[in-house]
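One structure below.
Read the numbers this way: they start at 1 and go in the same order the structure lists the ligands and their atoms. Values below: every heavy atom of this structure, side chains too, minus hydrogens, waters and symmetry copies.
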Amino acid sequence: MGFDSLDSTNAALRRIVETEGDVAEGLMIWAKTQTAGRGRLGRIWKSPEGNVYASILVQAPEDQATAPQVGFVAAVAVVDTILELPRHNAPPPPLSHKWPNDVLAGGGKVCGILPEMTSSLEGAAWIVVGIGINLRSVEVQDEAYPIGSLASHNIDTTPEHVLTVLCRAFSARLIDWRQNGFASVRESWLEKAPSVGFEMSVGLPSGPVRGNFAGLDTDGALLVDSPLGRKRILAGDVLFSGGDT
Ligand code: BTN
């Protein structure tokens, strides 16, 4: 379902799931602009026309502990998607992942992902996976690091085309994750992750954690070597803190 403008595609898809029932995996809502786009940790996601703002419905896994892995599935699917977009003989953009689910191109954030848990009228658990991809407009969303756009990497495309490629890529990655587990998603994510030892700061609801990147655990937890020792940080903070507040 496409809209000219919505408050937030995540909020809109949650309303459908929570009030209408009879929903199915893969239901996608997208909008040309959002008036109240939301990002991680209660941040605002500025949403001018020209970029991708979409939310896709995914059935929550029975084992709730694996639910945060869906954000990583989406992040690697976004990388698959970007690499499939036409780029006029230019080399592929230098893509990287930033924990938990951001995608950067040449160090600038080109995609943010906001997975939120919700449940239907019948009590079934769903994950609303919100995906924002900067195609052209570069807006300051978050002062922690620079913002990028695909246009600045010679990718000239439309939200409609990106969404077609993304739906296929996300579906393929979800099927693989369900059949074979987290290993290949983790491997793809690590291929484009910072090198071990890289100095990093991770924003959490409790405040930033600073240290050196020490890898991604087999369940998707970030490993950080901090002055107080090795920390295991789960992406669940994002998943379970979403809401209309
Ligand atoms: C982040 O902070 O990095 C996550 C940003 C997620 C933005 C997307 S845009 C589509 C969907 N609807 C929203 O309100 N947010 C997500």
Identify, by atom number and element, the atoms of ligand 1 in contact range of [X], meaning under 4.0 Å from any of its heavy atoms.
X      : value
Gly132 : 8 (C), 9 (S)
Thr9   : 10 (C), 11 (C), 12 (N)
Arg38  : 5 (C), 6 (C), 7 (C), 13 (C), 14 (O), 15 (N), 16 (C)
Asp102 : 3 (O)
Gly39  : 1 (C), 2 (O), 4 (C), 5 (C)
Gly37  : 14 (O)
Ala54  : 10 (C), 11 (C)
Trp45  : 1 (C), 3 (O), 5 (C), 7 (C), 9 (S)

Exercise. So, Trp45 versus Gln34: side-chain donor-acceptor pair below 3.5 Å or not?
Worked result: no

Problem set entry | Same apolar cluster (I L V M F W Y, side chains within < 4.5 Å links), Leu6/Val17 |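 Yes, Leu6 and Val17 fall within the same hydrophobic cluster.
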
Part of [X] with heavy atoms under 4.0 Å of ligand 1, whether side chain, backbone, both or neither:
X      : value
Ile113 : backbone
Leu41  : neither
Ser47  : neither
Arg43  : neither

Exercise. Has ligand 1 got any nitrogen or oxygen that is less than 3.5 angstrom from a nitrogen or oxygen of Tyr53?
Worked result: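 Between Tyr53 and ligand 1, no N or O pair is found under 3.5 Å apart.
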
Problem set entry | Under 3.5 Å: N/O of Ser8 near N/O of ligand 1 |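 By distance alone, the answer is yes.
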
For this session: Flag yes if more than 12 heavy atoms outside Arg178 fall under 6.0 Å of its CZ atom; otherwise flag no.
Result: yes

Problem set entry | All pairs passing ring pair (Phe, Tyr, Trp, His ring centres under 6.0 Å) where residues 150-176 contributes a residue, at least two apart | none

Problem set entry | Candidate pair Arg136 and Asp156, rule salt bridge (Lys or Arg N to Asp or Glu O under 4.0 Å), full reasoning | CA-CA 8 Å; Arg136 32 197 92 260; Asp156 179 18; 3.1 Å; yes

Exercise. What pairs of residues pass the side-chain hydrogen bond (donor to acceptor under 3.5 Å, both in side chains) test when at least one of them lies in residues 120-130, not counting sequence neighbours?
Worked result: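 Listed once each, the pairs are Ser120-Glu122.
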
Exercise. Any side-chain heavy atom of Arg232 within less than 4.5 Å of one from Leu223?
Worked result: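 A side-chain contact under 4.5 Å exists here.
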
Exercise. Ignoring hydrogens and geometry, is there a side-chain-to-backbone donor-acceptor pair from Asn134 to Gly148 under 3.5 Å?
Worked result: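 Yes, Asn134 side chain to Gly148 backbone: donor-acceptor pair under 3.5 Å.
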
For this session: Take the angle between the ring planes of Trp189 and Phe213 and call it parallel below 30°, perpendicular above 60°, tilted in between.
Result: tilted

